Structure formats: C-alpha cells, structure tokens
K.L.:
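Here's a structure for you.
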Protein chains: 2
Amino acid sequence: MSARTAAPAWEALFRAQVHLMRHFEEAKDFAPLTSREYDVLFTLARCGGAARMRDLVPHLLMSQPSLSRMVDRLASDGVLERRIADGDGRGVIVALTDRGAELQRRVGRRHVRSISSRLDAVLTEDEQVELRRLCAKLQDPETGPDDARHAGETRRAGSQKEEER
Amino acid sequence: MSARTAAPAWEALFRAQVHLMRHFEEAKDFAPLTSREYDVLFTLARCGGAARMRDLVPHLLMSQPSLSRMVDRLASDGVLERRIADGDGRGVIVALTDRGAELQRRVGRRHVRSISSRLDAVLTEDEQVELRRLCAKLQDPETGPDDARHAGETRRAGSQKEEER
DNA sequence: CAGAAGTTCATGCAAATGCATGAAACTACC
DNA sequence: GGTAGTTTCATGCATTTGCATGAACTTCTG
C-alpha cells in the first residue's frame, strides 16, 4: 500500500484538471455555451448526433433531472431537438440540429487548439502520450467492487449529505 | 502543434479525474461532508488551521459568495469559526474548531486509504510517481498570458454565458 | 486631514442543481 | 388479457450557485 505515492498522484491529477479546466473556461473555449452544455453537444456528436436520454446521462456530469431541463433549454435555443423513441413511447431521443452540430464543431475546433497550445507549452509529445496512457489505466473498470458497466466514462464532481458533522 | 496527442491527453486526464472523483464520492469518502465542504476543511488544515477568506477563495472550487455562505453553514455546524482579522476590519479569518480539525483528519485518513486502494490497483508506484510529475508540469504557471499568481492551485469546474447560440 | 479609489466580505436575486416523486409506457407473470 | 412491477422521463421543491451590487473598511493623493 503506497499512500506515499498514491495520494500525491491523485492530488496532482485533481489539481491539474481543475487548473486546466479553469484556464479553458477563462479563455472562453466554450462560449457561447457553458462547459456542461458543450459536454452535452460533444457527447451527442460522438454518438453520431443523436442518443437516448438514459444512455446520455451516465456519460455526463449531471443528474437525470438536470439533463432533462438542460435539453429543454438547448432545444428552445434550437441547437438540438427531442424526439420520441420509436418502439418505446417512454424513450426520448435527443438529436443535434444542423445548427447544433455546426456549433459543436466550431467550438470543438477552438477548444482543441486551446488544449494544444496549453499542453504543448509544458509537455513534450512523448509526455503527452505517456500521460494519456496513465490516465487511461486509471479508468480501467477491471478494479473496484462497484464498477462494471463503465465503458466510455465522462464527467462530474457531485456531493453527499450529512450523517453526523 | 500536436493536437494529435494533446487533445487525447486532456480528454483522458479529464475523464480519469471525473471517474475517480465519482468513485470516491460513491464510496462515501467525504461523508458526512460534501466534497466541496471537505475541500474547505482540507485547505484550511493545510494552511495551519486558519486563513483569510480572500486567500482561501483562489484555492477552492467556488465563488467568493459561495464560500461566504458555506462558511456560514459550516460555522453553524460548529466545525469552524469566523474571526475579524486584526489590523484589517474588513478581513475575515476562518479557523477550524477542534471538532473541525478532528473531522478533517478523520475524513482525510479515510480518503487517503480510499485513494491508495484505488490507484494501487491499476498503477505501479513508478507510474504513480510519473503521473504526479506530469500533472505537476501541467500546472506550471510559466505559460499562458493570464496566470502569474497561481501557486498551490486547487479546484473548480465553472461555466460561462451565452453571446450568440 | 479630506475625499477618492481600492479592497474585502455579505446579500438580493435569478438561475441551475439534486432529491424525491409522479406520470406514462413497457414487461412479466398468472 | 389483466394486474403488478419496472423503466424512463418530467416536475415540485428546497438548496446551492454565481453575478451584480452594497456596506464597511483601508489606502492613496493632494
């Protein structure tokens, strides 16, 4: 058991992620969206432009009710639309509109440039590849007693509630 | 310019952080606190148990008003207390109470064990050290036109607003 | 020292979030 | 086929968040 190396590694990872995310947000990478909204568009694009709500939720950083309402907002903004899943009257399919897809691509390109200029400044290509490899291992579902259905994980940062305090 | 390696590296980092954070929260690492509340206690402990609000904010994942109200709540729960900074009537010093310090240590120990058991399962010690090194480089303030006063960064994930949509 | 400018924290308010729950649709079992 | 149970999404509600702003205090300038 190496708390000696594990805890500092986690803390550095955590801080690096926060630091970079703040940097990207301050640089307006996601404008005119919030990062969470971009996350929805990005995930949808990755799913071919459309997906069922229930399949989307586990990849996003928010609860099911939050996604439901965010989809309301984004739909009324015209970047995506809701459809009833055929074959299942309960299911809702969320799909990018043309405008939404174009917006995602535009923001995505800008964000990728921003990422590169930031990472290239401090890591060599080899280091970037190594970082990716290590981070990928961290998501290995092989472990822990709980996970099993994790595959293309994505985002979040939630919370809990009391008990004593 | 290596978007080829930079973007995947950032995405892997991002997902690894989210994945692990979710894991720790689902494992109730921070109970009876939320992760943000623990972040406050942890940061305070690291500052020797007390710090001024304005010095705390940049290390935390929340806005100044949010910290102000969270301190209200934590103070009324008895884990910390507010004092007026002497020499500056505007300043507020936030300090851990004995209970707060004990709580932080207890939760912290549990969290460190949780981190170790998770990371040790997928990374060797050498890999953990290397991950830490790479993540530390990512926080190098040497770069970007904006940062300059960053030192012991910490947490966040914010948002922006529209403009077009 | 007086007034302007800056700093630090708190508060009003609208928006977003999560939890608990509800409604609608589908599935399983008798 | 009908009813119980499950799945999927939406909604009520309390909480939390951030932004804009205000109040109290300090510092700077002449």
Side-chain angles (χ1 to χ4, degrees), chain A residues 21-22 25-26 28 30-40 50-77 80-95 149 155-163 165, chain B residues 21-22 25-26 30-31 33-40 50-77 80-95 149 155-163 165:
Chain A
M21 194 61 175
R22 272 184 169 161
E25 294 189 326
E26 277 164 24
K28 304 291 183 209
F30 309 110
L33 303 165
T34 64
S35 56
R36 291 181 122 182
E37 287 168 341
Y38 175 70
D39 199 8
V40 172
R52 279 194 62 165
M53 292 264 255
R54 64 143 181 226
D55 299 322
L56 232 33
V57 173
H59 292 302
L60 298 172
L61 278 167
M62 66 189 88
S63 63
Q64 175 269 317
S66 280
L67 175 61
S68 181
R69 286 188 255 240
M70 181 174 287
V71 167
D72 281 345
R73 295 190 290 267
L74 292 173
S76 72
D77 287 337
L80 50 78
E81 54 186 25
R82 310 176 101 106
R83 296 186 210 136
I84 303 292
D86 47 47
D88 190 341
R90 301 165 297 182
V92 170
I93 293 183
V94 184
R149 62 275 86 108
R155 296 134 195 222
R156 253 219 97 226
S159 70
Q160 282 104 356
K161 277 295 98 177
E162 39 246 286
E163 140 200 305
R165 180 165 294 174
Chain B
M21 194 62 175
R22 272 185 170 159
E25 293 189 327
E26 277 164 24
F30 309 109
L33 303 165
T34 64
S35 56
R36 294 182 123 186
E37 287 168 340
Y38 175 70
D39 199 9
V40 172
R52 279 195 61 166
M53 291 265 256
R54 63 144 181 224
D55 299 321
L56 230 35
V57 172
H59 292 301
L60 297 172
L61 278 167
M62 67 189 89
S63 63
Q64 175 270 317
S66 281
L67 175 61
S68 181
R69 286 188 254 242
M70 182 174 285
V71 167
D72 281 345
R73 295 189 291 266
L74 292 173
S76 72
D77 287 337
L80 51 79
E81 56 187 24
R82 311 175 100 105
R83 295 184 211 137
I84 303 291
D86 46 48
D88 189 340
R90 301 164 297 182
V92 171
I93 293 183
V94 184
R149 63 265 104 101
R155 291 126 197 232
R156 256 223 94 223
S159 70
Q160 283 102 353
K161 279 292 96 179
E162 37 246 287
E163 141 201 305
R165 184 165 290 171

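In what follows, every chain begins at residue 1, and chains take the letters A, B, ... in the order their sequences are listed. Nothing here was measured: the structure is a model prediction, and the numbers come from that model.
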K.L.:
Kindly compute the distance separating CG (B/Leu56) from CD (B/Gln64), expressed to the nearest 0.5 Å.
P.N.:
11.5 Å

K.L.:
Sequence neighbours left out, what passes side chain to side chain contact (heavy atoms under 4.5 Å, CB included) with A/Arg54? Give chain and number order.
P.N.:
A/Arg52

K.L.:
What string of B, S and - do you get for nucleotides 22-29 of chain D, 5' to 3', when a contact is any protein heavy atom under 4.0 Å?
P.N.:
--BBS---

K.L.:
Applying side chain to side chain contact (heavy atoms under 4.5 Å, CB included), can you list everything that pairs with B/Ala50, at least two apart in sequence or on another chain?
P.N.:
B/Ile93, B/Ala95

K.L.:
Between atom CE in A/Met70 and atom P in C/dA15, what is the gap in whole Å?
P.N.:
15 Å

K.L.:
Can you check the B/Arg82 CZ to C/dT8 P distance for me, whole Å?
P.N.:
16 Å

K.L.:
Quick one: does B/Met62's side chain get under 4.5 Å of B/Val40's, heavy atoms only?
P.N.:
yes

K.L.:
For the pair made of CD in A/Glu25 and P in D/dC19, what is the distance, rounded to whole Å?
P.N.:
10 Å

K.L.:
Check the distance between D/dT16's P and B/Asp39's CG and give it to me in whole angstrom.
P.N.:
17 Å

K.L.:
Could you tell me how far apart A/Met62 (CE) and D/dA10 (C1') are, to the nearest whole angstrom?
P.N.:
16 Å

K.L.:
Drop me the distance from B/Glu25's CD to B/Tyr38's OH, to the nearest 0.5 angstrom.
P.N.:
13.0 Å

K.L.:
With each end axis built from five pairs of C1' atoms, what bend angle do you get for the helix from C/dC1-D/dG30 to C/dC30-D/dG1? Round to 10°.
P.N.:
20°

K.L.:
Do A/Arg82 and A/Ser68 have side-chain heavy atoms sitting under 4.5 Å apart?
P.N.:
yes

K.L.:
Establish, with yes or no, whether the OP1 or OP2 oxygen of C/dG18 is under 4.0 angstrom from a side-chain nitrogen or oxygen of A/Ser66.
P.N.:
yes

K.L.:
Where is the tightest heavy-atom contact between B/Ser35 and B/Met21, given as atom of each residue plus distance?
P.N.:
CB-CE, 3.5 Å

K.L.:
Sequence neighbours left out, what passes side chain to side chain contact (heavy atoms under 4.5 Å, CB included) with A/Arg90? Give chain and number order.
P.N.:
A/Asp88

K.L.:
Counting only side-chain N and O atoms of A/Arg73, is one of them less than 4.0 Å from OP1 or OP2 of C/dT17?
P.N.:
yes

K.L.:
Take the protein atom CG of B/Leu74 and the nucleotide atom P of D/dT16, then report the distance between them rounded to whole Å.
P.N.:
10 Å

K.L.:
Give, for atom CZ of B/Arg69 and atom CG of B/Leu74, the distance between the pair rounded to the nearest 0.5 Å.
P.N.:
14.0 Å

K.L.:
Of the candidate nucleotides D/dT17, C/dA10, C/dG18, which contains the atom at the shortest distance from the side chain of B/Arg36?
P.N.:
D/dT17

K.L.:
Find the distance A/Met53:CE to C/dA23:P and express it as a whole number of Å.
P.N.:
18 Å

K.L.:
Between the protein and nucleotides 12-14 of chain C, list the N/O to N/O atom pairs that are separated by less than 3.5 angstrom.
P.N.:
unit_1, atom_1, unit_2, atom_2, d
C/dG12, O6, B/Arg69, NH2, 2.5

K.L.:
Assess whether a salt bridge exists between A/Arg83 and A/Glu81, defined as any Lys/Arg side-chain N lying under 4.0 Å from an Asp/Glu carboxylate O.
P.N.:
yes

K.L.:
Taking atom C1' of C/dG22 as reference, at what distance in whole Å does atom CD of A/Gln64 sit?
P.N.:
12 Å

K.L.:
Are any non-hydrogen side-chain atoms of A/Glu37 and A/Pro32 less than 4.5 angstrom apart?
P.N.:
no

